[in-house]
2 protein chains.
Amino acid sequence: MNENMDLERTTDKNDPPTMKEIARLAGVSMGTVDRVLHHRGRVSAENIAKIEAIVAERGYRPNVFASRLSGGVGVRTIGVLMPRLDQDFNYWNQVWSGMAKAARELEPFQISVLCEQFDRNNPSDCVRAFRLLETNGMQALAIPPIHSQIMRPLAETLDPLIPLVFFDADMQCNRHRCFVGQDPWQGGVLAAKLLGLTLEPGRPVVLVRFKDDDEHLQKRSEGFEVFAKASGRAVLILEQSLSDPPERRRSDMSLFLARNPSIGGMFVPNSSVGEYAQAGLGRRVVGYDLIPGNVAALREGRLDFLLSQRPETMGYESVRLLSRFLLFRESLPDRTRIPLDVVLKENLEEHLVGVTS
Amino acid sequence: MNENMDLERTTDKNDPPTMKEIARLAGVSMGTVDRVLHHRGRVSAENIAKIEAIVAERGYRPNVFASRLSGGVGVRTIGVLMPRLDQDFNYWNQVWSGMAKAARELEPFQISVLCEQFDRNNPSDCVRAFRLLETNGMQALAIPPIHSQIMRPLAETLDPLIPLVFFDADMQCNRHRCFVGQDPWQGGVLAAKLLGLTLEPGRPVVLVRFKDDDEHLQKRSEGFEVFAKASGRAVLILEQSLSDPPERRRSDMSLFLARNPSIGGMFVPNSSVGEYAQAGLGRRVVGYDLIPGNVAALREGRLDFLLSQRPETMGYESVRLLSRFLLFRESLPDRTRIPLDVVLKENLEEHLVGVTS
DNA sequence: GAATGATGCGTTAACGCACACACTTTACGC
DNA sequence: GCGTAAAGTGTGTGCGTTAACGCATCATTC
């Protein structure tokens with residue numbers, strides 16, 4: 001046999017192996033390696049095992065440049081399920097703007113982001129949107145798990161090879177997925193702390209509780225109530241329904257405050273805080289989300305604190321994680337935490353033109 | 001002549017032309033086009049003109065993927081100038097950790113990040129580090145413009161083709177560059193607001209002012225003073241020097257507070273706030289940066305608020321911007337704002353494992 | 001007038017991957 | 001026993017760019 005060591009390229013054992021290298025180590029051809037990597041089938045179980053072992057051991061990662069150049073892959077699609085962007089006071093639009101930024105950056109890599117919207121108030125509509133994405137054949141998926149009873153079975157029957165991200169809120173489900181978002185309970189705690197710091201000890205506070213909203217919001221309310229009470233502050237509760245018209249809410253609050261004049265502050269655990277700000281004038285007001293109405297209220301001093309979950313960052317990060325999977329088969333973390341931001345009039349502007357907008 | 005329209009690939013007149021296409025139009029070979037594009041010489045003036053005209057007219061842009069795959073380009077280096085990572089209470093280490101994350105992500109794209117450290121207390125040392133980077137041949141540069149008198153001439157004589165990012169602080173200079181960071185003045189304002197919200201109107205506050213530190217810190221102090229006074233609150237000033245030992249500082253503060261018992265709160269405009277926290281016990285304390293000592297103080301209740309400039313995000317974003325330039329010749333924005341974060345004990349943990357760590 | 005060098009230009013082999021295609025082997029029916 | 005299908009595998013080509021290489025054509029020199 002011809003000794004050709006000197007012709008052999010100097011492939012360092014620990015620099016990125018190529019498909020050819022994997023094929024050599026497994027004693028098969030590149031074609032077989034390719035079929036294993038792309039789950040195309042038509043490979044013996046024995047070879048699949050062998051190749052996968054070598055791939056794992058040597059840490060094979062496809063070369064993006066070669067992969068894209070070959071053109072064979074075509075456009076990969078990241079599917080995103082979203083409530084209609086204008087719902088929840090335009091909140092979803094902010095999430096989408098982060099995703100759209102990621103999409104622009106990913107365009108040269110032929111990764112596209114397909115956003116399918118559904119009516120947040122119509123649980124069955126999200127089934128339609130989900131099916132639509134499936135039909136369009138996406139290779140990765142990001143969804144906000146609202147309507148958990150509907151979403152859970154959909155998520156659990158999803159092809160296990162498709163990476164899944166939950167954003168905004170988390171949901172238990174027996175399938176591997178990544179959560180990108182923040183801890184709602186801790187948000188409530190933080191709100192209580194802010195009121196505690198800025199009010200005299202004796203003054204009670206009012207918590208606006210939405211009976212009909214999701215688990216995520218309930219957690220915020222609970223965190224608030226528990227922390228406030230633990231620090232010796234009375235919490236009065238005003239029950240509200242999201243379906244009530246704004247005027248109704250405003251008058252409810254005005255009435256409530258008139259009946260309880262000692263109340264020093266108010267916490268509204270969602271973006272509708274702007275609706276109550278006018279009624280709360282002269283008291284501390286803490287709410288959620290940098291939606292236009294709330295931003296205006298903060299600028300004009302009708303609000304004191306807004307907590308933010310950085311919707312743009314959340315969207316950007318969700319798409320970014322999925323793209324890393326599609327490009328490099330990087331596995332998803334179990335969770336990516338989005339920090340809880342405290343926004344005042346004085347740091348508002350810097351948050352509005354934040355890093356991912 | 002043979003009519004071969006059906007063999008001709010359907011090249012849309014307005015989708016990205018390839019080198020081959022340019023060569024065909026110019027009636028030369030790809031080799032000649034290559035020599036023109038890379039200014040390698042050995043081409044007739046006539047052909048250079050012809051090819052350059054076609055390139056301009058058809059808007060030719062090299063295909064990044066083919067370019068990188070061919071290996072001709074080799075590894076691109078982003079140079080980073082940094083104070084020794086352990087200086088400023090480990091602050092720079094946090095910035096670097098964001099950059100290191102970006103570096104890991106960029107590795108498959110054959111972009112490496114080279115970090116050169118200098119002694120922050122020795123202005124001339126940063127010249128050495130700068131020259132070292134130049135010698136190692138970097139194609140992009142990120143620097144924190146401390147020692148502006150030294151840095152400015154270095155930056156201004158830098159090859160104008162090399163994209164430049166200032167991070168942490170900004171600096172005027174007559175060369176195009178991008179600033180990644182936050183507005184220091186506004187940080188001071190925010191600190192004053194937080195003290196204002198949590199203290200009775202009559203109580204004065206103390207501002208620790210460091211005479212010998214940079215412009216960036218002076219701005220924070222100014223913002224604080226101006227805003228606090230404008231909202232009718234007395235500001236007492238304790239002058240300090242960064243070179244004083246911690247014990248000295250602590251006793252200075254204790255003495256100062258003993259002499260002015262009505263003081264309700266304290267602002268330290270840099271990461272050394274931990275040094276003063278013990279002395280300030282029982283009063284509101286606002287400081288800067290999530291360095292280990294301050295984090296511990298916040299957890300244990302010796303500090304109330306920490307402002308953060310998201311050092312990891314800052315580092316990550318700086319490197320990310322430069323990489324987009326190197327990969328796709330995307331132009332740098334003039335500025336990327338890093339939001340001012342307000343961190344309390346209650347949202348500390350979520351900030352520590354933030355999105356870019 | 002032959003040897004030498006400089007100049008201008010075309011050809012071609014990588015680069016790593018994706019996929020169409022062709023080929024071999026085994027399984028099964030008649 | 002032959003034909004046919006299916007399963008499993010290898011080969012070859014192309015993607016657009018880079019850069020080494022080779023071949024001409026001149027101008028210069030002894």
B/N47 side chain near C/dC9 phosphate (N/O to OP1/OP2, under 4.0 Å)
yes

Flag side-chain contact, heavy atom, 4.5 Å: A/V95 against A/W92:
yes

Taking ring-ring contact (aromatic ring centres under 6.0 Å, His included) as the cut-off, I'd like each qualifying pair that reaches into residues 30-63 of chain A, sequence neighbours left out, listed once.
none

Any B/T32 side-chain N or O less than 4.0 Å from OP1/OP2 of C/dG10
yes

Salt bridge A/R24-A/E21, side-chain N to carboxylate O under 4.0 Å:
yes

Qualifying residue for side-chain contact (heavy atoms from CB on, under 4.5 Å) with A/V180, from A/V319, A/I338, A/D170, A/L322:
A/I338

May I have the distance from A/K20 (atom NZ) to D/dT11 (atom C1'), rounded to whole angstrom?
13 Å

ring-ring contact (aromatic ring centres under 6.0 Å, His included) filter on A/F109, not counting sequence neighbours, yields B/F65, B/F109, B/F328

Measure CG/A/L69 against C1'/C/dC15 and give the value in whole Å, please.
9 Å

I want to check one thing: is the phosphate of C/dT7, taken as OP1 and OP2, less than 4.0 Å away from some side-chain N or O of B/R42?
no

Gap between atoms CD and C1', on A/Q110 and C/dC17 respectively (whole Å):
13 Å

Decide if atom CZ of B/R128 counts as having more than 12 heavy atoms of other residues, nucleotides or ligands within a radius under 6.0 Å.
yes

To the nearest 10°, let me know how far the axis at one end of the helix from C/dG1-D/dC30 to C/dC30-D/dG1 is tilted from the axis at the other, five pairs an end.
60°

Distance in angstrom units between B/F65 CZ and D/dT17 C1', rounded
13 Å

Calculate the interatomic distance between A/H39 atom NE2 and D/dG8 atom C1'; express it in whole Å.
17 Å

Whole angstrom is fine here: how far is it from NZ in A/K50 over to P in D/dG8?
14 Å

Sorted by first residue and then second, give each side-chain hydrogen bond (donor to acceptor under 3.5 Å, both in side chains) pair with at least one member in residues 70-80 of chain A; sequence neighbours left out.
none

List every contact pair, protein side and nucleotides 18-22 of chain C side both N or O, where the distance is under 3.5 Å.
residue : atom : partner : partner atom : Å
C/dA18  : OP1  : A/H38   : NE2          : 3.4
C/dA18  : OP1  : A/S67   : OG           : 3.1
C/dA18  : OP2  : A/H38   : NE2          : 3.4
C/dA18  : O4'  : A/S70   : OG           : 3.0
C/dC19  : OP1  : A/G72   : O            : 2.4
C/dC19  : OP2  : A/R40   : NH1          : 2.9
C/dC19  : OP2  : A/R40   : NH2          : 2.5

For A/D334, what residues pass the side-chain contact (heavy atoms from CB on, under 4.5 Å) criterion, not counting sequence neighbours?
A/H176

B/E317 and B/R310: salt bridge (Lys or Arg N to Asp or Glu O under 4.0 Å), yes or no, with the steps?
CA-CA 11 Å; B/E317 189 66 10; B/R310 299 191 197 177; over 6 Å; no

Take atom CZ of A/R24 and atom P of D/dG10, then tell me their distance rounded to the nearest Å.
15 Å

